[in-house]
Student: 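Please find one structure pasted underneath; my questions will follow.
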Amino acid sequence: MEEIKILVIDDERGIREGCRRILESENYQVAVAETGEKGIEVAQTDKFAMALIDLKLPGMDGLAVINELRKIDSEIVPIIITGYGTVETAVEAMKAGAFDFVAKPFTPNEIINVVDKGLIQIKERQEGLELKQEKRERAVDELNSLSIVDEILARYNYNAASLIAILQDIQKQFNYLPQNLLRHVALTMNIPLTRVYSISTFYSAFSLKPRGEHLIDVCLGTACHVRGGMNIMERLERELGIKNGETTYDEKFSLKSVRCVGCCGLAPVVVIDDEFHGKLVQDKVPKILAKY
Ligand code: FES
């Protein structure tokens with residue numbers, strides 16, 4: 001786990017060392033400084049998650065220290081330490097950018113609680129940033145996908161008569177037909193979305209759901225059915241932990257039944273990607289899957 005560093009700035013030695021002891025006992029890494037100026041120097045050489053700052057310091061006061069620390073690291077969480085009767089000033093400090101305050105004299109629990117609250121704030125901020133980053137990446141992915149589809153459409157001169165070939169190319173690229181891309185095709189080619197959907201759903205070669213890296217077609221045509229095709233399907237379902245029509249959790253395999261694949265003499269037949277496995281018996285299934 002990454003070490004959390006906390007800077008304590010207070011001119012009272014007892015307070016500084018007290019905070020250090022309390023926080024180190026909670027496994028935080030602590031640096032101390034007796035003036036704001038020294039605290040700023042320390043903050044320039046290391047990254048601190050939080051700073052506990054005495055409001056009344058000789059020289060530069062706590063508010064000015066918060067300002068300077070924020071200039072060095074805008075993510076630092078400043079917590080004000082305030083003396084008796086100066087809670088109003090501490091509230092002012094919070095308005096000026098402090099995250100919270102703790103009043104002297106404080107108990108170890110009060111210090112630990114205020115630091116815990118600061119950590120929650122840091123975690124929430126990080127989660128918010130990660131979410132934003134994820135959204136940004138998704139938007140970039142979407143733009144990249146749209147430009148790939150635009151290239152495919154241009155290759156076919158936006159010709160509606162080439163719709164099947166266009167959808168084949170899109171599926172080849174993305175492994176399935178994402179709905180946002182189908183909408184883009186309809187819009188760009190100025191054809192009804194219902195037409196794009198009816199073609200995408202009519203041909204079994206098209207899939208509107210993400211498919212696995214390897215496509216397993218189990219033939220359940222008459223000849224294969226009679227020669228145990230269903231047993232092969234059940235064995236594949238057991239081995240992969242999915243049902244007919246599903247994709248494995250790791251998106252490695254998609255399993256589906258198909259009608260006669262045209263080599264009944266080899267029944268029962270399973271086609272994985274473009275490879276035919278004929279005269280199959282259940283016991284061979286694990287060995288065949290292991291190849292992929
Ligand atoms: S029925 Fe399976 S290949 Fe013909």
Side-chain angles (χ1 to χ4, degrees), residues 145 148-149 151-153 155-157 159-186 189 191-292:
S145 306
I148 290 170
V149 171
E151 276 172 30
I152 293 171
L153 295 177
R155 214 159 48 227
Y156 289 93
N157 260 334
N159 185 350
S162 305
L163 186 55
I164 293 176
I166 287 170
L167 294 177
Q168 278 173 327
D169 283 8
I170 294 174
Q171 177 155 291
K172 206 165 168 188
Q173 187 72 42
F174 298 95
N175 204 20
Y176 76 110
L177 297 174
Q179 303 208 7
N180 63 326
L181 300 188
L182 294 184
R183 277 195 298 275
H184 185 66
V185 168
M189 293 178 71
I191 49 178
L193 183 59
T194 47
R195 185 166 159 215
V196 178
Y197 267 109
S198 65
I199 290 179
S200 310
T201 50
F202 180 78
Y203 294 99
S204 62
F206 290 136
S207 173
L208 295 181
K209 287 193 290 188
R211 299 186 308 173
E213 187 188 335
H214 301 291
L215 309 177
I216 307 178
D217 290 341
V218 182
C219 180
L220 292 181
T222 309
C224 289
H225 192 80
V226 169
R227 293 193 196 141
M230 207 49 221
N231 293 337
I232 303 292
M233 171 61 94
E234 282 166 9
R235 181 64 186 256
L236 279 161
E237 286 179 335
R238 276 204 306 280
E239 292 293 326
L240 298 171
I242 53 172
K243 291 282 172 204
N244 182 6
E246 293 180 346
T247 296
T248 53
Y249 181 70
D250 60 1
E251 295 190 349
K252 191 157 186 198
F253 294 103
S254 287
L255 178 67
K256 77 171 191 315
S257 58
V258 291
R259 291 293 149 196
C260 182
V261 291
C263 50
C264 306
L266 294 177
V269 179
V270 166
V271 187
I272 304 183
D273 302 332
D274 287 327
E275 202 179 344
F276 282 67
H277 301 270
K279 294 193 184 291
L280 207 50
V281 289
Q282 276 199 59
D283 290 347
K284 280 191 183 166
V285 167
K287 203 171 165 189
I288 289 172
L289 288 179
K291 271 175 57 183
Y292 298 89

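Ligands are counted one by one from 1 in listed order, and the atoms in each one are counted from 1 as well. Side chains included, hydrogens not; waters and symmetry mates left out as well; all remaining heavy atoms used. All of these numbers come straight from a predicted model, not from anything done at the bench.
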Student: Identify the residue among Val285, Ile272, Val271 that makes a side chain to side chain contact (heavy atoms under 4.5 Å, CB included) with His277.
Tutor: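 For His277, the side chain to side chain contact (heavy atoms under 4.5 Å, CB included) check succeeds only for Ile272.
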Student: How long is the straight-line distance from CG of Leu236 back to CG of Leu280, given to the nearest 0.5 Å?
Tutor: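 Between atom CG of Leu280 and atom CG of Leu236 there are 7.5 Å.
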Student: Mind listing the closest non-hydrogen atom pair of Arg211 and Asn175 along with its distance?
Tutor: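 Residues Arg211 and Asn175, closest heavy atoms: O-ND2, 2.7 Å.
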Student: Quick check: closest heavy atoms across Asn159 and Ile166, and the distance to 0.1 Å?
Tutor: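 Looking at all heavy atoms of both residues, the shortest contact is O-CD1, 4.1 Å.
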Student: Using the rule given for side chain to side chain donor-acceptor pair (under 3.5 Å), can you reason through Glu275 versus Tyr292, listing the C-alpha separation, both sets of side-chain angles and the distance that settles it, and then say yes or no?
Tutor: CA-CA 11 Å; Glu275 202 179 344; Tyr292 298 89; 2.8 Å; yes
Student: Supply the atom-to-atom distance Ile148 CD1 to Asp169 CG, rounded to the nearest 0.5 angstrom.
Tutor: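 CG of Asp169 is found 12.0 Å from CD1 of Ile148.
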Student: By residue and atom, what protein N/O/S atoms are less than 2.8 Å from atom 2 (Fe) of ligand 1?
Tutor: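 The answer is Cys219 SG, Cys224 SG.
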